[in-house]
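The structure presented is a predicted model; accordingly, all values stated were derived computationally and were not measured.
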Amino acid sequence: MDELKEQRLKKLKELTEQGVNPYGGRFDRRDSAAACREEYREEKKVSVAGRLTAIRGHGKTVFADLRDSSGKIQLYLRRDTLGEDNFANLKLLDLGDIVGVRGSLFTTRKGEISVMVREIILLSKALQPLPEKWHGLKDQEIRYRRRYLDLIVNEEVKELFRKRSRIIREIRLFLEERGFLEVETPMMQPLPGGAAARPFQTFYTALNTKMYLRIAPELYLKRLLVGGFEKVFELNRSFRNEGLSRKHNPEFTMLEIYEAYGDCRTMMELVESMIIHLAEQVCGTLQLNQGDTVVNLERPWKRIRYRDLINGYLKTTDWFSNSTAEMAEVAGRLDLEVSPAMSAVEITHEIYEKCVEPGLIQPTFVLELPAELVPLARRSEGDPGVVDVFELVINGFELAPGYSELNDPIEQRRRFQEQESRPPPAGTEERGGEKIDEDFLTALETGMPPAGGTGIGIDRLVMILTGANSIRDVILFPQLRPKTDT
RNA sequence: GGGGGCGUAGCUCAGAUGGUAGAGCAACGGCCUUUUAAGCCGUGGGUCGAAGGUUCGAAUCCUUUCGCCCUCACCA
């Protein structure tokens, strides 16, 4: 049935009978594959370890490729240097086995730096075959479900995740250099807040209470502003119990930053310089390819009011003086689904999200959103109908909202109540995100300094910086439907 | 949840109008002492995602179902 595995098990048995442990322990490797090539010296003694990814037999000689995390090095194994028995045992090795070798470097006739192997030690016998060496692994499902195979075979995937790691490291460096403190706040919360999304629920037996996985860390970070930490950030997972898509994974990495005494503009400046810094450090360019378009991160990024975007798109100057019925009619003509229950703000936002936002390819800060949409932000001085916020849009999707944070506890309570009284959208009976967090309000009553805050979807940021077109390509183990059978 | 596409050997893929499943790589046996997608000779390998139906006959047509991809909805 499973013929390939049977054959490998047979080899494993044979090795065991010869006294070879097919799952060896420590192997002191002094050299990486890359080091063998970069620090090449004829006859240099090396010891390297890694996975066999190609074996080319030539009678009394064998060439093999050994791959470690630094790259690939060719092995050259000869019967006259290994001895007859050891050489014969090479037949018991398979593609995918992990071995350690000792030998010395030389260059072949074709100019390939190789290890003349004197000793080869099996460190781990692979019982599963590797995907095809030339075409690699393309099957999306296997690539996501068995990411290790994807990583073994597709070098560019490995490189992308290295890049992700560097991006996250650079974010920490960037913020720490500017005096921000990294903190960790609860992922399990009695009340999920800071956003409007359906939460995941769990139960904490010891306290006999329902808990939620956080949908955002916001309300806890603000408590820290109250506590006197003036510049904080948290870079970690949040969870939302919503649908999967190219842009959504139920657990995703979010960076939230708060700066006391700042506002939405200080945050805009911070976000702009940080993303540019990341692109320079990690991509080495500000021109980022996204499929067939190019995102140009060069300053200055566009800043435009929500109102002006809408008016501009609809080629009018006074969209907001329309009645709700008139708005609904225009939206209908744009092929948008509008229900009679929708308010003017909701209809307008529908137009924004479906028609305007997707067209914002170059970095754009959208300013002054309607207050109803953002319950945790401060109202604008001149216009109480809008809040002092930005929404950074790149490549047609929202990357980072930022606010001048609301620090008025009385106003905050009113906004929470307003939000609570709105009927939840159909099919979302269990939300929990709309219960009022009294403990948070008490914190605000204690006095929170004015502050600027922002949240950046790190997965989406990585998508832009790597040109990936699905969030699944930037998450090592993206959520898929669990599979019970194989 | 709606719409569309896909699912054939371990991997990458062929399989017009229905006629009883193929290639390359991988595997196995043999030859080969500087190859590198090594080469040459030979061999094995399939519940054609699953179940049901139409038919003399189904990978192919129909229905149901599972999974993945795209898209819409939900997701401030």
_B:rC68, OP1 or OP2 - any side-chain N/O from A:R472 closer than 4.0 Å?_
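So the side-chain polar atoms of A:R472 never come under 4.0 Å of the phosphate oxygens OP1 or OP2 of B:rC68.
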Item to complete: Report yes or no: do A:Y212 and A:R214 form a side-chain donor-acceptor pair below 3.5 Å?
Response: no
Q.
Is a donor from one side chain sitting under 3.5 angstrom from an acceptor on the other, for A:Y144 and A:D473?
A.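 Side-chain D/A pair, A:Y144 to A:D473: present.
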Next item on the list: Name the nucleic acid region contacted by A:E353, choosing base, sugar-phosphate or nothing; use a 4.0 angstrom heavy-atom cut-off, strictly under.
Entry: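 If one applies the 4.0 Å heavy-atom cut-off, A:E353 turns out to touch the sugar-phosphate alone, with no base involved.
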* For A:L149, which contact category applies under a 4.0 Å heavy-atom criterion: base, sugar-phosphate, or nothing? -> nothing
Between B:rA9 and B:rG15 - C1' atom distance, rounded Å: 14 Å
Rounded distance [0.5 Å steps], CG in A:L75 versus CD1 in A:I120:
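Between A:L75 CG and A:I120 CD1, I get 6.0 Å after rounding to 0.5 Å.
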Whether each nucleotide of nucleotides 29-37 of chain B has a protein heavy atom under 4.0 Å at its base (B), only at its sugar-phosphate (S) or at neither (-) is summarised, 5' to 3', as ---BBBBBB
Taking a pair to mean Watson-Crick or G-U wobble geometry with both distances below 3.5 Å, B:rU54 pairs with none
Partner of B:rA14 under the Watson-Crick or G-U wobble criteria, both distances under 3.5 Å, comes out as none
Original post:
Hey, would you say the A:F252 and A:F239 ring centroids sit under 6.0 Å apart?
Top reply: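 Not close enough - the centres of the two rings lie 6.0 Å or further apart.
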### Task
Report the residues that fulfil side-chain hydrogen bond (donor to acceptor under 3.5 Å, both in side chains) with A:N249, sequence neighbours left out, ordered by chain and then residue number.
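For A:N249, no residue satisfies side-chain hydrogen bond (donor to acceptor under 3.5 Å, both in side chains) once neighbours in sequence are set aside.
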The side-chain hydrogen bond (donor to acceptor under 3.5 Å, both in side chains) partners of A:N154 (sequence neighbours excluded) come to A:D150
